[in-house]
Amino acid sequence: MKGLIGKKVGMTQLYDDKGVLTPVTVVQAGPCVVIDVKNVERDGYSAVLFGFGSRKAKNAGKAVAGQAAKAGVNTPSIMKEFRITDDSKFEIGAEIGAGIFEEGEYLDVTGVTKGRGYQGVMVRHHFKGGRDGHGGGWHRKPGSIGCRESPGNIIKGKKMPGQHGSVKRTVQNLRVVKVDSAENLIFVSGAIPGPNGGTVLVRKAIKK
Amino acid sequence: MNIIDKIEKAQCKASVPDFNIGDTVKVSTKIIEGTTERIQNFTGVVIARKNSGIRETFTVRRFQNGYGVERVFPIHSPRIDAITVERHGHVRRAKLYYLRDKIGKAARVKEKKYFGPAASAEAAK
């Protein structure tokens, strides 16, 4: 599957040739260096192991530093495997950039959403809450969370207060508006998870 | 310069006509009718300029067929062909929203008069 590791740069807007304005997120996708190519004979499946970014070998985990040393490339800050069908196309040490994607293509982008801490049900699950006037006393609470003796317990998965955000999320079917292969930038239509500077995985959309 | 700034700067028009709040301007926009493209003009008073950089917009108000009509134009839109200043207005506010409550003679903006060196500088433009 076509994919890369990238960094969310931020959001802006782009005019197309007709003068229509599109909100876009800029993703710095690549250059990703090929650290390992897995094949069916040796590993039982085909995949390519990409490294992105850089960090000192002494600061990286031994697994990452060891793999990079074996491949003879600089130690990456992030390492990620992508399943592929044809393992003959990749060579260890090769650099893959944003040029593999083209305009008009659809992508799935995975990232870790912004952490919002412990939040109540109104923020976390968009509950309506109670009214503020007329004697209220029930403003931002969840209200009843279950029945009486039967069934006598709370249904699993009941929406309650708790940690909001900072979870892995994928946004599907985002259109590629523009690709700048010289700077390794991909412009995708719409928003993607995570803060600016956050790590994202960019893959070809599975549903298109 | 960071990447986003660079992208936005590249999209901004190289030169934007110099106009201010209260000026009467003619905005020429390219519109597509079927297969042909033509220029449509909209003339009125600039009552607001908002935001900056690639997101900057301005609002033009005019009185048309008994109704007040306002249009908001993005300054850097490629659909905008030209902005011509027809008259400079003398105003003391950055946003002329008070014009919305006035009709007829009360909804006028005083013309800006230039004196001394400013007058010759304006004439040279």
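Proteins get letters first, then strands, A, B, ... in listed order; numbering begins at 1 in each. A quick note: this is a predicted structure, and the numbers were derived from the prediction, not measured.
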> Can you tell me which portion of Leu14(A) sits under 4.5 Å from chain B's heavy atoms? Options are side chain, backbone, both or neither.
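Both backbone and side chain.
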> How close do Tyr15(A) and Gln11(B) get, heavy atom to heavy atom, and via which atoms?
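Closest approach of Tyr15(A) to Gln11(B): N-OE1, 3.0 Å.
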> Given a strict heavy-atom distance threshold of 4.5 Å, which part of Ile7(B) is in contact with chain A: side chain, backbone, both, or neither?
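Contact with chain A: side chain only.
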> Has Arg93(B) got more than 12 heavy atoms of other residues, nucleotides or ligands less than 6.0 Å from its CZ?
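Open: at most 12 neighbouring heavy atoms sit under 6.0 Å from CZ of Arg93(B).
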> So with a 6.0 Å cut-off around NZ of Lys30(B), is the heavy-atom count from everything else above 12?
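Yes, because the 6.0 Å sphere around NZ of Lys30(B) holds more than 12 heavy atoms from other groups.
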> Indicate yes or no: at least one non-hydrogen side-chain atom of Ile4(B) is less than 4.5 angstrom from one of Met11(A).
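They are not in contact (no side-chain heavy atoms under 4.5 Å apart), so the answer is no.
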> How about NE2 on His139(A), more than 12 heavy atoms from neighbouring residues, nucleotides or ligands closer than 6.0 Å, or not?
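Check passes, neighbour count above 12.
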> Take atom NZ in Lys2(A); do more than 12 heavy atoms of anything else shown fall under 6.0 Å from it?
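Yes, enclosed.
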> When rounded to the nearest 0.5 angstrom, what is the spacing between OG1 in Thr12(A) and NZ in Lys6(B)?
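Between Thr12(A) OG1 and Lys6(B) NZ, I get 14.0 Å after rounding to 0.5 Å.
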> Is the CD1 atom of Ile103(B) crowded by more than 12 outside heavy atoms at less than 6.0 Å?
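No, because the 6.0 Å sphere around CD1 of Ile103(B) holds 12 heavy atoms or fewer from other groups.
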> Around Lys95(B), counting heavy atoms of other residues, nucleotides and ligands shown, do more than 12 lie under 6.0 Å from its NZ?
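Correct, the count exceeds 12.
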> Where do Pro78(B) and Gly19(A) come nearest, in terms of heavy atoms and distance?
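That closest heavy-atom pairing would be CG-CA, 3.6 Å.
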> To the nearest 0.5 Å, what is the distance between CD1 on Ile3(B) and CD on Gln28(A)?
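Output value for this atom pair is 4.5 Å.
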> Could you check whether any side-chain N or O of Arg79(B) sits under 3.5 Å from a backbone N or O of Lys18(A), counting only pairs where one atom can act as donor and the other as acceptor?
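It does hold such a pair.
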